[in-house]
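What's counted below: heavy atoms across the whole structure, side chains too, no hydrogens, waters or symmetry copies. We count residues from 1, following the sequence as given.
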Amino acid sequence: MTKIIVVGGGAGGLELATKLGRKLGRNKKAHVTLVDKNRTHLWKPLLHEVAAGSLDDGVDALSYRAHAKNHGFYFQLGSLSAISREQKNITLAPMYDEEGKEVLSERQLNYDILVMALGSVSNDFNTPGVKENCIFLDSPDQAHKFHHKMLNKFLQLGEKQTAAVSVAIVGAGATGVELSAELYNSLKQVKSYGFDDMSPSDLRVTLVEAGEKILPALPVRISSAAHHELSQLGVDVRTATMVTEATEKGLVTKSGEVIEADLMVWAAGIKAPDFMKEIAGLETNRANQLVVKPNLQTTRDENIYALGDCAACTLADGKQVPPRAQSAHQMASCVYDNILARFKGKPEKDYVYKDHGSLVSLSQFSTVGSLMGNLMRGSMMVEGRMARLVYVSLYRMHQIALHGYFKTALMTVVGRINRVLRPRLKLH
């Protein structure tokens, strides 16, 4: 039986494993295994909501093991440490508990087809002090870390032990912009739970961007709209400002200014994990991404595919596929079709990126973005309720890919009920 291993349970990896499990795993045509270092899956674009406390991932997170059981594939908990292309196996590093005791020993899994979908981590560009003093929103654990620190600062604020809570965010891409707005929503919600005398002036958020505008990947009109909305909320937006160091007290800019902050978040760029650099002799780029051919096979091994943020895919026009959730979703569908083509002895197809536009949520205050498609030429700017509806639908599409229409509809109804029954802000 053909053994297929998907490493990484992010948006693309989990969708691919689910589709392969349904099609091949249930019919005993292939043994499909998903590997991830976490026990649960959470859609990465939601991490800023976990950090701000407006989303309880204990409710929204998906158990890999339970999902695997229901969809015809297997799950292995562990972190990839090596790939042997000659032996066609991968090695999972030993796992230890909080006390340093070994829980799982080193393991090896054999494969016929390997799909790398490890996603990305924050790129600090070797800026001094960032690793020691800043929080990266790469995983639920880091989002929880920020959330706990923020709650402690709000507690000190409520007890009049501090004058204000200051947060500095480096990088005005989607994560930085959305977190900035979500923090003001959290302050608004926390007033409902015994902190009546708090006001927007008690929170100082500074958003720092090295480029000339926020949301650099989006058109100027969308960037300007988001900039205006953030300024209205009270965010101090600083463009054309380069951070050269992070200290315990705050961020040091190229001009020598110190932006003081109680909490600092680094969201200025991404790269594939460092251990991916030339792993198993595969071709990688400066960001540790695996270089792939048009059909998403790695350039040096036709049995290894890569998708999502860890893949360096060059389009026909010479541009790189952007690191977005829609890219991972499309790549997962392409790899799925190509694996089925291999089973049938048919030629594989090349990946074609389709830009459906971009949306940025400014929490409950606004949503802005652009939509692209067959009904319009170029792009159409959307904002307000319509943009919010489309933004939410992106997550629903991810849920539909995992659960199907009926279960997603039930989850939507339950989510509505929980908005009434559960606190709007997670306070624990």
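Looking only at distances, a side-chain donor or acceptor of S81 sits under 3.5 Å from a matching main-chain atom of T91. Distance alone, capped at 3.5 Å, places no donor-acceptor pair between the T253 side chain and the T241 backbone. Under a 3.5 Å cut-off, the side chain of S327 and the backbone N or O of P322 do form a donor-acceptor pair. A distance-only check finds no donor-acceptor pair linking the side chain of D262 to the backbone of V165 [under 3.5 Å]. A donor-acceptor distance shorter than 3.5 angstrom exists from the side chain of Y184 to the backbone of G234, with no hydrogens or angles considered. Side-chain N or O atoms of K101 include none that pairs as donor or acceptor with a backbone N or O of V103 at under 3.5 Å. Between the R238 side chain and the T206 main chain, no donor and acceptor come within less than 3.5 Å of each other. Of the possible polar contacts, none joining the R396 side chain to the T408 backbone as a donor-acceptor pair under 3.5 Å is found. The closest donor-acceptor contact from the side chain of N38 to the backbone of T40 lies at 3.5 Å or more, if one exists at all. Side-chain atoms of E209 come within 3.5 Å of backbone atoms of G211 as a donor-acceptor pair (strictly under, hydrogens ignored).
Atom CD of E260 is surrounded by 12 or fewer heavy atoms from other residues, nucleotides or ligands within 6.0 Å. Annotation: K23, atom NZ; neighbour count of heavy atoms from other residues, nucleotides and ligands within 6.0 Å does not exceed 12. Counting non-hydrogen atoms of neighbouring residues, nucleotides and ligands closer than 6.0 angstrom, the CE atom of M397 reaches no more than 12 such neighbours. Summarising the local packing, NZ of K37 is surrounded by 12 or fewer heavy atoms from other residues, nucleotides or ligands at distances under 6.0 Å. K277 NZ: more than 12 foreign heavy atoms inside a 6.0 Å radius.
Classified by interplanar angle (parallel below 30°, tilted 30° to 60°, perpendicular above 60°), the ring pair H41/H398 is tilted. Aromatic ring orientation, H71 versus H67: tilted (interplanar angle from 30° to 60°).
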* To do: Show your working on side chain to side chain contact (heavy atoms under 4.5 Å, CB included) between M116 and T298 and close with a plain yes or no.
  => CA-CA 10 Å; M116 301 294 287; T298 53; 5.9 Å; no

* R65 vs R39, side chain to side chain contact (heavy atoms under 4.5 Å, CB included): CA-CA, chis, key distance, verdict -> CA-CA 7 Å; R65 193 170 296 278; R39 290 179 169 83; over 6 Å; no

* CA sep, side-chain torsions, deciding dist, call: L14, Y64, side chain to side chain contact (heavy atoms under 4.5 Å, CB included) -> CA-CA 9 Å; L14 183 56; Y64 285 124; 4.1 Å; yes

* To do: Carefully, step by step, assess S223 and E212 under the rule side chain to side chain contact (heavy atoms under 4.5 Å, CB included).
  => CA-CA 11 Å; S223 172; E212 295 298 322; over 6 Å; no

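The CG atom of L290 sits 12.0 Å away from atom SG of C313, with the distance rounded to the nearest 0.5 Å. Interatomic distance, H329 NE2 to K354 NZ, rounded to the nearest 0.5 Å: 10.0 Å. Rounding to the nearest 0.5 angstrom, the gap separating the OG1 atom in T412 from the NZ atom in K407 is 12.5 Å. With values rounded to the nearest 0.5 angstrom, Q297 atom CD is found 9.5 Å from I113 atom CD1. The distance from the CG atom of L77 to the CE atom of M95 is 4.0 Å, given to the nearest 0.5 Å. The distance from the CH2 atom of W43 to the CD atom of E49 is 9.5 Å, given to the nearest 0.5 Å.
Between the side chains of Q289 and T284, no donor N or O sits under 3.5 Å from an acceptor N or O. Side-chain N/O atoms of Y353 and Q330 include no donor and acceptor closer than 3.5 Å.
Using a 4.5 Å heavy-atom cutoff, the side chains of L307 and Y336 are not in contact. For the pair K19/S333, a side-chain contact is recorded, criterion being any heavy-atom separation below 4.5 Å from C-beta on. Counting heavy atoms from C-beta outward, Y111 and I90 have side chains that approach closer than 4.5 Å. In this structure, the side chains of K44 and S120 come closer than 4.5 Å at one or more pairs of heavy atoms. Proximity of L183 to M150: side-chain heavy atoms (C-beta onward) are separated by under 4.5 Å at one or more points. Taking the side chain as every heavy atom from C-beta outward, K271 and V121 approach each other to under 4.5 Å. The shortest side-chain heavy-atom distance between E182 and N185 falls under the 4.5 Å cut-off. No side-chain heavy atom of N338 sits less than 4.5 Å from a side-chain heavy atom of Y351.
Between S105 and E102 the shortest heavy-atom distance is CB-OE2, 3.5 Å. Heavy atoms only, all atoms of each residue included: A117 and G13 are closest at CB-CA, 3.8 Å. Closest of all the heavy-atom pairs between L207 and G171 is CD1-O, 3.6 Å. Across all non-hydrogen atoms, the minimal contact from V35 to G78 is CG1-O, 3.7 Å. For the pair T127 and E245, the tightest heavy-atom approach, listed with the atom from each and the gap, is CG2-N, 3.8 Å. Minimum heavy-atom separation, L137 to A143: CD2-CA, 3.9 Å.
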